[in-house]
Number of protein chains: 2
Amino acid sequence: MARIADVARAAGVSASTVSYVLSGRRRISAETRERVLQAVRDLGYTPNAAAGALAAGRTRTIGLVAPHCEDLTAAIIQQFVHTIMEVARGRDHDVLLIDPAAGSAALRRVIDSHLVDGVILMDTDETDQRAATLEESGVPAVVLGTPEGTDLPCVDLDFAAAAALAVSHLAAQGSAGVALMSPPELVGPPGKGYARHAVSGFTAAPGPPRTVRVCEPTWPGVEAWLSSVSHDLDRLTGVVVQHEAALPPLLGLLRRHHRDDVTVVPICPSAIARQLESPLDHVEIPVAEMARTAAETLFRQLTHAGHATSHLFEPHLVRAS
Amino acid sequence: MARIADVARAAGVSASTVSYVLSGRRRISAETRERVLQAVRDLGYTPNAAAGALAAGRTRTIGLVAPHCEDLTAAIIQQFVHTIMEVARGRDHDVLLIDPAAGSAALRRVIDSHLVDGVILMDTDETDQRAATLEESGVPAVVLGTPEGTDLPCVDLDFAAAAALAVSHLAAQGSAGVALMSPPELVGPPGKGYARHAVSGFTAAPGPPRTVRVCEPTWPGVEAWLSSVSHDLDRLTGVVVQHEAALPPLLGLLRRHHRDDVTVVPICPSAIARQLESPLDHVEIPVAEMARTAAETLFRQLTHAGHATSHLFEPHLVRAS
DNA sequence: TTGAAAGCGTTACCAC
DNA sequence: GTGGTAACGCTTTCAA
């Protein structure tokens, strides 16, 4: 494989000139540049990443801690990962996976060995050790979620507002009693911020009587959940669902029990709402936008070395078309 | 951050000794090793990955091309990715994501810049350009699926046998007419090998009358599919499903139409079969085992530099418990 | 059992 | 506008 010296020789210039042509960090005469680029093409030269990283002190790689899940949520995560990779590639960076199960140690190892220039941490807890580790390490980083006690830039949907929006949508339809179906991640410690935020937004919003219950994402789990909330409320007419994986069983069971008086408003990505048994009005989780924002917030730190800011997305209601 | 020279100084040895202690590639006296390790701990030394990669000519990183999907299949992919990462970490390697949408060019770039020591390519077509690129590049690699015209080691489930097994299971129950629900990926070019293999195994197996149709993974899509196959067959009593995302709508619609005379046998991971409306006998896709095998096949090439062999998994029927 | 030193292939500073 | 060259931090051969 050709090295930079080979290209330099072929083009009749020095190695540094080749480097500058390729990086564009120096003015090079048009003729010289053309000769160099021709030599690069002729020899099929591709710079050695390790050598570049060693010399320049940056790897052009970002680390990504993505959670591992077994249900419909996996599709969301993938969307996220994919979008982040898109942004990264657009800036000539690569993406290294960091094991979410390995916690702070994995982060420390990857950072200390200088494998990455920055990190995106998904799926943070309310008190997230990894976020603390990240902050203390000093690498550029962005977290998804709203962990407490960190100054790292966060990106998240405003889940309190999202739940409130769902309630007001149901209230406007004249709902008599509304239940929030929360994911098991609500219960901690450590709990997930988004679950807790949704509960507070749900509870605080004006409207009909309400109840909140956690649900297992299985058919029997949803069946049990339904009977619980039916006890909690005089009359159940609306369900706010913050638990994608439970949606197919919920819709199936409501239909089976002929409960078409119950309106379901999920808080979920539109891609998931579209795959359901019946199209539903929903509060959208703008996954791609959030991922893009997270990635761009990271790159802002990598390039301008400027301070990055958090971004809390406003929820929007998407009507079933 | 401490460098190897700092550790060497602190331990009163040379840098090479530190390197050897850490790599274990040379016998070191117990006392020296202890002193070195102590210094490593004291200074919090972590070797610089780029420097190591440059000097040793290997990155301890493997590349992974994982497909991007929007439905239930995403959970399978994640399981795969997660298992591969587990194996990689067990061998002190990291995993770099390679954009599946960027085709051969992405592979070439990653390989030519020596970002990775080997590659795992998922979701190959029957005639896969990327597999060809990979083979020609000469890097250690493993592909999932059975692309034609490559000598790269392949890992896959024997989908022909899997479909045949599903048919024989239905035949044993006295099924009168069986339909295969194929994924849209059946139609090419380029088509997916697994879809084509399933069709041939399905068709060739002895048993009741059969029909094969492709299905869109939506409720209307499945509705349309059901009416097509009902025309094809005198009497539909069994469905072999090679299309995870279509399972929830299929089960929902069969129930809605009170077709409990129809038995559904999916070819899918057990994790997915378990999340369904009703537990189903299914032909298992052993995702974790396949991922593990793929990763280990790659590492066999990385370490022994020996020739790796393909692995076609025998299908097994898993009964709903 | 250990050390010295020559690379590995870039980048970027300092000259010209 | 271009070239020389010293890093970057490690691995590994050669010598002792």
Side-chain angles (χ1 to χ4, degrees), chain A residues 1-37 39-40 43-61 92 94 109-117, chain B residues 1-37 39-40 43-61 92 94 109-117 302-303:
Chain A
M1 184 100 296
R3 295 153 306 146
I4 200 171
D6 300 322
V7 176
R9 197 172 315 117
V13 298
S14 72
S16 58
T17 296
V18 175
S19 176
Y20 283 120
V21 166
L22 260 26
S23 70
R25 300 170 73 83
R26 192 190 240 189
R27 287 210 75 78
I28 300 285
S29 73
E31 310 94 280
T32 306
R33 183 183 28 255
E34 226 14 271
R35 248 183 314 135
V36 168
L37 291 178
V40 165
L43 301 179
Y45 170 69
T46 307
N48 179 298
L54 181 57
R58 48 141 192 57
T59 60
R60 299 198 150 277
T61 298
D92 197 24
D94 281 282
R109 179 185 63 84
V110 163
I111 293 167
D112 289 350
S113 55
H114 289 275
L115 273 167
V116 301
D117 297 336
Chain B
M1 182 102 297
R3 296 152 307 149
I4 201 172
D6 300 322
V7 176
R9 199 172 314 119
V13 298
S14 72
S16 59
T17 296
V18 176
S19 176
Y20 283 120
V21 165
L22 260 25
S23 70
R25 300 170 73 84
R26 192 190 242 188
R27 287 211 76 77
I28 300 286
S29 73
E31 310 93 278
T32 306
R33 180 179 35 251
E34 225 15 271
R35 248 183 312 135
V36 168
L37 292 178
V40 164
L43 301 180
Y45 171 69
T46 307
N48 179 298
L54 181 58
R58 49 142 191 57
T59 60
R60 299 199 149 276
T61 298
D92 197 23
D94 282 282
R109 179 185 64 84
V110 163
I111 293 167
D112 289 350
S113 54
H114 289 273
L115 274 166
V116 301
D117 297 337
L302 290 182
T303 58

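All heavy atoms count here, side chains included; hydrogens, waters and symmetry mates do not. Chain letters run A, B, ... following the sequence lines, proteins first, then strands; residues in each count from 1.
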Less than 4.0 angstrom between a side-chain N/O of [X] and OP1 or OP2 of [N], yes or no?
X	N	value
B/Tyr20	D/dC10	no
B/Arg25	D/dT11	no
A/Thr32	D/dG1	no
A/Arg26	D/dT2	no

Report the distance from atom [atom1] of [X] to atom [atom2] of [N], rounded to the nearest whole Å.
X	N	atom1	atom2	answer
A/Leu22	C/dT11	CG	P	8 Å
A/Ile28	C/dA12	CD1	P	14 Å
B/Ile4	D/dA7	CD1	P	19 Å
B/Leu54	D/dA7	CG	P	17 Å

Degree of bending, the helix from C/dT1-D/dA16 to C/dC16-D/dG1 (end axes from five pairs; round to 10°): 30°
Donor-acceptor pair, side chain of B/Thr59 and main chain of B/Leu115, under 3.5 angstrom: yes
Donor-acceptor under 3.5 Å (B/Arg33 side chain, B/Val21 main chain): no
B/Ala56 or B/Arg33, whichever maps to the more 5' nucleotide of DNA chain C: B/Arg33
Heavy-atom closest contact (B/Ala39 atom, B/Ala10 atom, distance): CB-CB, 4.0 Å
Residues touching DNA chain D, which here means a heavy atom under 4.0 Å, drawn from residues 5-17 of chain B: B/Ser16
Counterpart residues, side chain to side chain contact (heavy atoms under 4.5 Å, CB included), relative to B/Ser19 (two or more places apart): B/Ile4
Side chain of A/Arg27 (C-beta onward), nearest among D/dG1, D/dG9, C/dA12: D/dG1
Distance (rounded to the nearest 0.5 Å) between B/Arg25 CZ and B/Ser16 OG: 13.5 Å
